[in-house]
Amino acid sequence: MAAELTAHQLIAQHRPTLDQALEAIRTRAYWSPHPEHPKAYGENGSLDAAAGKAAFDALLGSRLDLGQPGTDDWVGGETSPYGIELGVTYPHADVDTLLPAMRAGQRAWRDAGAEMRAVVCLEILKRISDRTHEFAHAVMHTSGQAFMMAFQAGGPHAQDRGLEAVAYAYVEQVRTPDNAEWTKPQGKRDPLALTKRFTPVPRGVALVIGCNTFPTWNGYPGLFASLATGNAVLVKPHPRAVLPLALTVQVAREVLAEAGFDPNLVALAAERAGEGIAKTLATRPEIRIIDYTGSTAFGDWLEANARQAQVYTEKAGVNTVLVESTDNYKGMLSNLAFSLSLYSGQMCTTPQNLLIPRDGIRTEDGPRSYDEVVADLARSVGGLLGDDARANGLLGAIVNPDVKARLEAAAGLGEVALASREIANPEFPDAVVRTPVIVKLDGAKPDDQAAFMNECFGPVSFAVAVDSAADAVALLRRTISSKGAMTVGAYTTSEEVEEAVQEACLEECAQLSLNLTGGVYVNQTAAFSDFHGSGGNPAANAALCDGAFVANRFRVVEIRKEA
């Protein structure tokens with residue numbers, strides 16, 4: 001089809017945004033082009049709340065035909081954690097047909113250059129942003145996030161992460177000039193003169209393996225990093241969270257076609273129930289890049305077996321908060337309570353282990369014993385979630401039966417300081433909603449160590465009694481080194497303890513938040529400023545986003561000739 005979006009139009013519209021993103025990643029200051037508030041949408045072609053909900057409702061029970069080659073079946077079966085059947089069916093691909101079709105468009109996409117690829121990606125993100133309300137419902141009803149979190153994390157925050165990846169991709173590609181004139185003096189002889197051309201060349205087809213809990217937030221960095229560096233991208237969603245990424249693929253294909261490129265540069269690989277195509281796809285010779293978020297076991301398998309591909313994994317860790325002292329006890333408790341409760345702890349950044357000296361901590365109002373700190377935290381969580389309507393808005397729904405089983409089993413691991421309770425959701429009676437459990441464990445007991453030294457994904461936290469701050473730092477260091485951590489938190493008024501915690505995190509390569517008592521939480525990161533993961537401990541081999549996340553998705557090929 002004829003191009004409807006010219007290079008001039010795309011550059012004129014999106015280059016200013018790209019430049020702002022480049023400045024943001026340079027300064028690390030706050031910036032976002034995507035509004036967080038639902039009322040900001042409804043103008044300039046974007047869907048407001050009612051239109052977005054109507055668009056989502058219209059998808060239910062429909063067939064989402066993406067026009068992909070090699071479609072040999074239609075598959076679906078998603079059930080919302082809130083209890084409704086989505087009924088959407090998606091194309092099932094014959095990959096022997098689809099993968100060659102995806103590769104066919106890469107030459108023109110490569111030759112378009114870094115700037116053109118970047119502004120096409122920004123047009124994709126803009127159209128997704130215009131449908132943020134629709135995407136929010138899709139994320140909510142596949143992940144179990146409460147609507148406001150699905151709106152923000154699944155919408156503007158995910159779009160920010162996608163744009164951030166595009167910005168880093170652009171920086172790395174233009175680091176080397178397109179052309180160079182090279183002259184080497186030879187004394188009395190004529191100089192040696194060469195003309196050199198440098199071209200960023202994509203690795204091949206990239207595979208994005210989506211996750212259930214944050215399909216867009218975790219999916220967009222890899223998708224846009226690979227696409228912006230010239231690679232075709234095959235999106236393999238989690239079978240319980242297909243819709244948000246299928247809609248993303250739909251938008252990307254539309255924009256690519258309108259810009260004069262092959263829409264098959266982006267395609268969907270939905271699967272039949274129990275088919276498990278991720279391993280098959282991951283080891284195909286055509287797949288040269290893999291982005292994965294999920295369990296440590298499968299992440300380790302990918303790193304060991306997908307040897308033909310550059311593999312980027314975000315796996316699991318045991319996130320730890322050290323509590324030694326504070327000058328804002330109430331603020332600390334409030335901040336921790338929110339961090340433990342948000343999305344029922346179903347975040348890779350949620351704290352699990354709270355290391356508290358058994359002799360207690362110092363506060364601005366005097367000492368508090370270990371038992372008092374744990375009891376006060378339990379009351380703070382209970383107070384935060386005491387109103388069922390507010391609790392539903394914070395907790396969302398339990399995403400799958402495995403999380404519910406872990407939550408129920410946790411109560412048998414030790415003394416329960418805060419019991420989990422069931423909450424009814426009047427709008428969605430079939431939703432499984434549970435408040436967090438806090439269990440007291442002893443850091444010196446081997447049986448207790450066996451419990452808290454492994455990830456217990458979901459609304460489960462362990463208040464671990466330790467002998468001293470030094471023992472807490474040593475345990476923190478051992479946890480990061482052996483199990484990994486996406487986040488680390490610490491509360492201390494001691495310069496000595498603060499220095500020890502910082503040194504542990506620097507040496508073990510973990511992201512640290514110190515003394516958070518306000519509206520910023522250890523399990524939240526801001527695009528363009530915060531790094532999500534470090535790539536330096538077992539929880540993840542990459543960070544979202546940095547230069548290393550994008551630079552190896554392409555290689556620079558040089559063509560030189562005599563001038």
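Because the structure is a prediction, the values reported are computed rather than measured.
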Donor + acceptor pair across side chains of [X], [Y] (<3.5 Å):
| X | Y | value |
| --- | --- | --- |
| Y343 | N523 | no |
| T479 | T320 | no |
| D160 | S32 | yes |
| T326 | E364 | no |
| S369 | D371 | no |

Charged N to carboxylate O below 4.0 Å: is that the case for [X] and [Y]?
| X | Y | result |
| --- | --- | --- |
| R358 | D442 | yes |
| K330 | D365 | no |
| D291 | R553 | yes |
| E271 | K236 | yes |

For the backbone of [Y] and the side chain of [X], can you confirm whether one donor and one acceptor N or O come within less than 3.5 Å of each other?
| X | Y | value |
| --- | --- | --- |
| S341 | F338 | no |
| T280 | G276 | no |
| S143 | V139 | yes |
| N212 | H238 | no |
| S529 | A526 | no |
| D430 | Y82 | no |
| N541 | T313 | yes |
| S481 | R478 | no |
| N231 | G204 | yes |
| R288 | Q308 | yes |

One pair to check against side-chain contact (heavy atoms from CB on, under 4.5 Å): V488 and L322. What are the steps and the verdict? CA-CA 8 Å; V488 174; L322 186 154; over 6 Å; no
Drop me the distance from [X]'s [atom1] to [Y]'s [atom2], to the nearest 0.5 angstrom.
| X | Y | atom1 | atom2 | answer |
| --- | --- | --- | --- | --- |
| Y491 | N328 | OH | CG | 9.0 Å |
| Q20 | E23 | CD | CD | 9.5 Å |
| M140 | S80 | CE | OG | 7.0 Å |
| N552 | E172 | CG | CD | 10.5 Å |
| M347 | N218 | CE | CG | 9.5 Å |
| D530 | T349 | CG | OG1 | 11.0 Å |

Candidate pair N335 and Y521, rule side-chain contact (heavy atoms from CB on, under 4.5 Å), full reasoning: CA-CA 7 Å; N335 192 279; Y521 304 94; 3.4 Å; yes
Does anything in residues 500-522 pair up under salt bridge (charged side-chain N to carboxylate O under 4.0 Å, His left out), and if so which pairs, sequence neighbours excluded?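 Counting only pairs at least two positions apart or across chains, the salt bridge (charged side-chain N to carboxylate O under 4.0 Å, His left out) contacts touching residues 500-522 are R477-E507, R477-E508.
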N454 and V318, any side-chain heavy atoms less than 4.5 Å apart: no
Would a 4.5 Å heavy-atom cut-off, applied to side chains only, mark D327 and T517 as touching? no
Is it the case that the ring center of Y168 lies less than 6.0 angstrom away from the ring center of F549? no
Output field: ring centroids F298/Y292 closer than 6.0 Å: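 Yes, the ring of F298 comes within the 6.0 Å limit of the ring of Y292, centre to centre.
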Tell me, with the steps shown, if T132 and Q159 meet side-chain hydrogen bond (donor to acceptor under 3.5 Å, both in side chains). CA-CA 9 Å; T132 291; Q159 296 152 22; 3.1 Å; yes
With sequence neighbours excluded, residues passing ring-ring contact (aromatic ring centres under 6.0 Å, His included) with [X]:
| X | answer |
| --- | --- |
| F462 | none |
| H532 | W217 |
| F528 | W31 |

So which atom in [X] and which in [Y] form the shortest heavy-atom distance, rounded to 0.1 Å?
| X | Y | result |
| --- | --- | --- |
| S344 | L395 | OG-O, 2.8 Å |
| I290 | A306 | CD1-CB, 3.5 Å |
| R421 | T435 | N-OG1, 2.8 Å |
| L544 | P221 | CD2-CB, 3.8 Å |
| A167 | L22 | O-CD2, 3.5 Å |
| L336 | V323 | CD1-CG2, 4.5 Å |

How are the rings of H141 and H137 set to each other: parallel, tilted or perpendicular (split at 30° and 60°)?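 Plane angle under 30°, so parallel.
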Show your working on side-chain contact (heavy atoms from CB on, under 4.5 Å) between C509 and L506 and close with a plain yes or no. CA-CA 5 Å; C509 211; L506 288 169; over 6 Å; no
What pairs with E408 under salt bridge (Lys or Arg N to Asp or Glu O under 4.0 Å), at least two apart in sequence or on another chain? K404
What residues form a salt bridge (Lys or Arg N to Asp or Glu O under 4.0 Å) with R362, not counting sequence neighbours? E324
For the pair V403 and Q346, evaluate side-chain contact (heavy atoms from CB on, under 4.5 Å) and give the outcome as yes or no after the intermediate values. CA-CA 8 Å; V403 174; Q346 297 169 126; 3.7 Å; yes
Report yes or no: is the cationic atom of R28 (NZ for Lys, CZ for Arg) closer than 6.0 Å to the six-membered ring centre of Y30, at no more than 45° off its axis?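 No, R28 does not lie over the aromatic ring of Y30.
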